[in-house]
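Naming convention: chains lettered A, B, ... in sequence-line order (proteins, then strands); numbering from 1 in each chain. Heavy atoms only: backbone and side chains are in, while hydrogens, waters and symmetry mates are out.
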Amino acid sequence: MKEWSETTIRKFRQTLLAWYDREGRDLPWRRDHDPYHVWVSEVMLQQTQVNTVIPYYERFMATFPTVTDLAQADEATLLKAWQGLGYYSRARNLQRAAQQIVTDYRGVWPQTAAALAELVGIGPYTSCAIASIAFGQAVPAVDGNAFRVFSRLLLIDADIAKPKTRQLFEEIIQPIVDPDRPGAFNQAIMDLGSSYMTPKNSDPAHSPVKDFDASYQLGKVEDYPVKTKVPRPKRIDYYALIIHSPAGYLLVQRTEREMLTGYWTFPLVTKASLQSAEAADEATLAQDLASLETLFASDYQVPLSLTTVGGRPVSHTYTHQRWQVKLLEANLPTAPALPFYPGKWVSAAEITDLPLPKVQEKIMVRYQQQVDSQAFSGN
DNA sequence: AACCCGTGGAC
DNA sequence: TGTCCAAGGGT
């Protein structure tokens with residue numbers, strides 16, 4: 001690993017910020033340094049690319065112009081605004097923190113990284129980002145870009161996948177942060193990390209800081225950062241129950257104990273839950289259908305006649321799970337009195353008014369394709 | 001420390 | 001199609 005002299009650090013700041021002032025991106029959340037704007041953008045940007053965030057940020061600010069509006073928003077509106085962004089606990093934590101600020105802090109923002117980190121959803125990176133950008137505190141915002149950029153500049157070979165490595169980077173970067181313009185410094189590192197110093201297909205030869213880039217000078221850019229691999233997602237088999245009646249389709253809301261909390265889907269049942277442990281994988285589709293029909297008859301006194309829909313299952317991959325969802329359909333000639341199941345009946349036209357996760361949208365698209373194709377062949 | 005939590009883009 | 005990865009945080 002390399003170490004920089006005071007002189008080198010001063011030259012680096014000057015070079016970096018001159019480039020940032022010239023070439024920095026014009027982004028919606030950079031129009032001012034309002035902590036509410038900085039905060040919302042930083043949370044949206046967690047593990048999410050800039051181009052994805054831009055339209056969400058614009059709509060979010062139109063819907064919730066102030067932290068008070070966000071604190072008072074109803075959950076359905078909030079989740080609908082976040083639909084498609086992923087990591088949905090971010091939205092719920094965002095509102096909880098807004099309520100903390102309005103009530104506990106009487107609308108006055110905490111202005112240091114340490115104080116900001118007390119708020120739910122604001123961790124070591126985001127607290128430093130807000131503190132530096134909105135309040136001018138000279139702290140390094142160490143995100144994936146900072147890991148990558150500084151590991152290359154200084155040949156740091158610590159494994160960035162290990163939690164402990166963050167502290168090392170914070171200590172190394174702290175004296176390099178420009179104390180006069182910490183917010184611009186941190187954002188310049190991010191722009192660098194998304195342009196010349198990207199994970200793949202980087203262009204270090206044209207980087208404004210190529211003279212400071214030890215990995216480039218040694219021809220070892222591809223060796224940095226060092227990051228151990230993550231395990232592959234494990235497969236989980238589901239059945240989606242598309243149950244309809246004159247009252248509409250049966251939808252259920254995800255609980256706090258499940259992922260996708262607060263969003264709506266058709267009832268989803270794991271294949272594993274249907275079997276008597278030993279031969280779960282072996283059970284045939286016919287056996288699973290019988291199990292489901294028995295379950296509804298015994299638990300809910302609702303006789304179902306399930307039929308399969310579509311050929312291949314709907315596939316949807318999360319960070320740690322790969323869902324394979326087989327579609328099953330049942331039509332009830334009359335709508336059973338609720339509650340026979342912890343959900344609600346929704347007309348076809350009103351389903352899309354609900355906050356829906358991507359996997360539910362995929363299921364609905366596949367189902368609609370089947371309905372369309374049967375309309376042609378059947379009549 | 002290890003694991004959980006979404007989605008879309010790039011290749 | 002598979003794989004990696006993107007301005008991480010919570011538990």
Every protein N/O lying under 3.5 Å from an N/O of nucleotides 9-11 of chain B:
| unit_1 | atom_1 | unit_2 | atom_2 | d |
| --- | --- | --- | --- | --- |
| B/dC11 | OP1 | A/N201 | ND2 | 3.3 |

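One finds no side-chain N or O of A/R148 lying less than 4.0 angstrom from the OP1 or OP2 phosphate oxygen of C/dC5. Under 4.0 angstrom from either OP1 or OP2 of C/dG8 there lies at least one side-chain N or O belonging to A/Q47. For the OP1/OP2 pair of C/dA7 and a distance below 4.0 Å, the side-chain nitrogens and oxygens of A/S194 include no atom meeting the criterion. Taking only side-chain nitrogens and oxygens, A/H320 never comes nearer than 4.0 Å to OP1 or OP2 of B/dA2.
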Would you be so kind as to tabulate the donor-acceptor pairs closer than 3.5 Å made by side chains of residues 253-260 of chain A, with sequence neighbours excluded?
| unit_1 | atom_1 | unit_2 | atom_2 | d |
| --- | --- | --- | --- | --- |
| A/Q253 | NE2 | A/G262 | O | 2.9 |
| A/R254 | NE | A/M259 | O | 3.0 |
| A/R254 | NH2 | A/M259 | O | 3.3 |
| A/T255 | OG1 | A/R257 | N | 3.3 |
| A/T255 | OG1 | A/E258 | OE1 | 3.3 |
| A/E258 | OE1 | A/T255 | N | 2.8 |

Indicate every side-chain donor-acceptor pair of residues 326-335 of chain A with a distance under 3.5 Å to a residue at least two apart or in another chain.
| unit_1 | atom_1 | unit_2 | atom_2 | d |
| --- | --- | --- | --- | --- |
| A/E329 | OE2 | A/H244 | NE2 | 2.9 |
| A/E329 | OE2 | A/Y367 | OH | 2.7 |
| A/N331 | OD1 | A/H244 | ND1 | 3.2 |

In a table with atom names and distances, give each donor-acceptor pair under 3.5 Å that connects a side chain of residues 107-126 of chain A to protein atoms at least two apart or in another chain.
| unit_1 | atom_1 | unit_2 | atom_2 | d |
| --- | --- | --- | --- | --- |
| A/T112 | OG1 | A/A115 | N | 3.2 |
| A/Y125 | OH | A/E42 | OE1 | 2.7 |
| A/T126 | OG1 | A/Q46 | NE2 | 3.0 |

Show me the donor-acceptor pairs within less than 3.5 Å that the side chains of residues 160-167 of chain A make with the rest of the protein, sequence neighbours left out.
| unit_1 | atom_1 | unit_2 | atom_2 | d |
| --- | --- | --- | --- | --- |
| A/T165 | OG1 | A/D159 | O | 2.6 |
| A/T165 | OG1 | A/K162 | O | 3.3 |
| A/R166 | NH1 | A/V142 | O | 2.9 |
| A/R166 | NH2 | A/V142 | O | 3.3 |
| A/Q167 | NE2 | A/E171 | OE2 | 3.2 |

Under 3.5 Å donor-acceptor pairs involving side-chain atoms of residues 97-106 of chain A, not counting sequence neighbours:
| unit_1 | atom_1 | unit_2 | atom_2 | d |
| --- | --- | --- | --- | --- |
| A/Q99 | NE2 | A/A71 | O | 3.1 |
| A/T103 | OG1 | A/Q99 | O | 2.6 |

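In this structure, A/K344 satisfies the cation-pi test against A/W264, with its NZ or CZ atom closer than 6.0 Å to the six-membered ring centre and inside 45 degrees of the ring normal.
With a 4.5 Å cut-off between side-chain heavy atoms of Ile, Leu, Val, Met, Phe, Trp and Tyr, the cluster of A/L218 takes in A/L155, A/Y224.
A donor and an acceptor atom, one from each side chain of A/R148 and A/S194, are nowhere located under 3.5 Å apart.
Listed by chain and number, the residues in a salt bridge (charged side-chain N to carboxylate O under 4.0 Å, His left out) with A/R181 are A/D21 (sequence neighbours excluded).
Contacts of residues 357-366 of chain A with DNA chain B (heavy atom under 4.0 Å): A/P357, A/K358. Near DNA chain B, defined here as any heavy-atom distance below 4.0 Å, the residues from residues 83-98 of chain A are A/G84, A/L85, A/G86, A/Y87, A/Y88, listed numerically.
Nucleic acid contact class of A/V120 (heavy atoms, under 4.0 Å, all strands): sugar-phosphate only.
Residue pairs that meet the salt bridge (Lys or Arg N to Asp or Glu O under 4.0 Å) test with at least one member in residues 189-212 of chain A, sequence neighbours left out, are A/R25-A/D191, A/R30-A/D191. Applying the salt bridge (Lys or Arg N to Asp or Glu O under 4.0 Å) test to pairs two or more places apart or on separate chains, those with a residue in residues 50-59 of chain A are A/R31-A/E58.
Separating the CD1 atom of A/I189 from the C1' atom of C/dA7 is a distance of 13 Å, rounded to the nearest angstrom.
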